[in-house]
Amino acid sequence: RYFRLAADQGNATAQFQLGALLRKGGDGLPQDLAESARFLRLAADQGLACSQWFLGDAYLKGLGVSADPAEAARLFRLAGDQQMSEA
């Protein structure tokens, strides 16, 4: 509940956390891949590397978005440019 409140107010970290929770479901939230991708996009657009990586993975696997390897690669590069080792 607090993540959603902060996420709705534009907090990138909360948007990422909510996106990650919605991706797998848990803590009282059902799995919702489309909503997960939406929150991950909001945080990724603010430059949060972990969200860029998670969203890239969603595009790579088609989780809540249409699979798009080129968009996945772009997002992985953005995360890597911020020294995210997974990228």
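Only this structure's heavy atoms are used, side chains among them; waters, hydrogens and symmetry mates stay out.
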From [X] atom [atom1] to [Y] atom [atom2], the distance as rounded to the nearest 0.5 Å:
X	Y	atom1	atom2	answer
L55	L48	CG	CG	11.5 Å
Y59	L40	OH	CG	10.0 Å
D45	Q52	CG	CD	8.5 Å
T13	L18	OG1	CG	12.5 Å

Results of ring pair (Phe, Tyr, Trp, His ring centres under 6.0 Å) for F16 - residues two or more places apart only
F54
Test item: [X] side-chain N/O and [Y] main-chain N/O as donor-acceptor pair under 3.5 Å:
X	Y	answer
Q31	R23	yes
Q15	A7	yes
S36	A20	no

Give me each pair satisfying salt bridge (Lys or Arg N to Asp or Glu O under 4.0 Å) with a member in residues 59-69, each pair once, sequence neighbours excluded.
D57-K61
On a heavy-atom basis, which atom in A37 and which in G64 lie closest, and how many Å separate them?
CB-O, 4.1 Å
Please give me the minimum heavy-atom distance between A49 and A79, naming the atom from each residue.
O-CB, 3.6 Å
F76/L60 under side-chain contact (heavy atoms from CB on, under 4.5 Å): CA gap, chis, key distance, verdict:
CA-CA 10 Å; F76 288 146; L60 186 65; 4.2 Å; yes
Treating Ile, Leu, Val, Met, Phe, Trp and Tyr as nodes and any side-chain heavy-atom pair under 4.5 angstrom as an edge, say whether F39 and L29 lie in one connected cluster.
yes
Side-chain contact test, heavy atoms from C-beta onward, threshold under 4.5 Å: evaluate it for L75 versus R41 and give yes or no.
yes
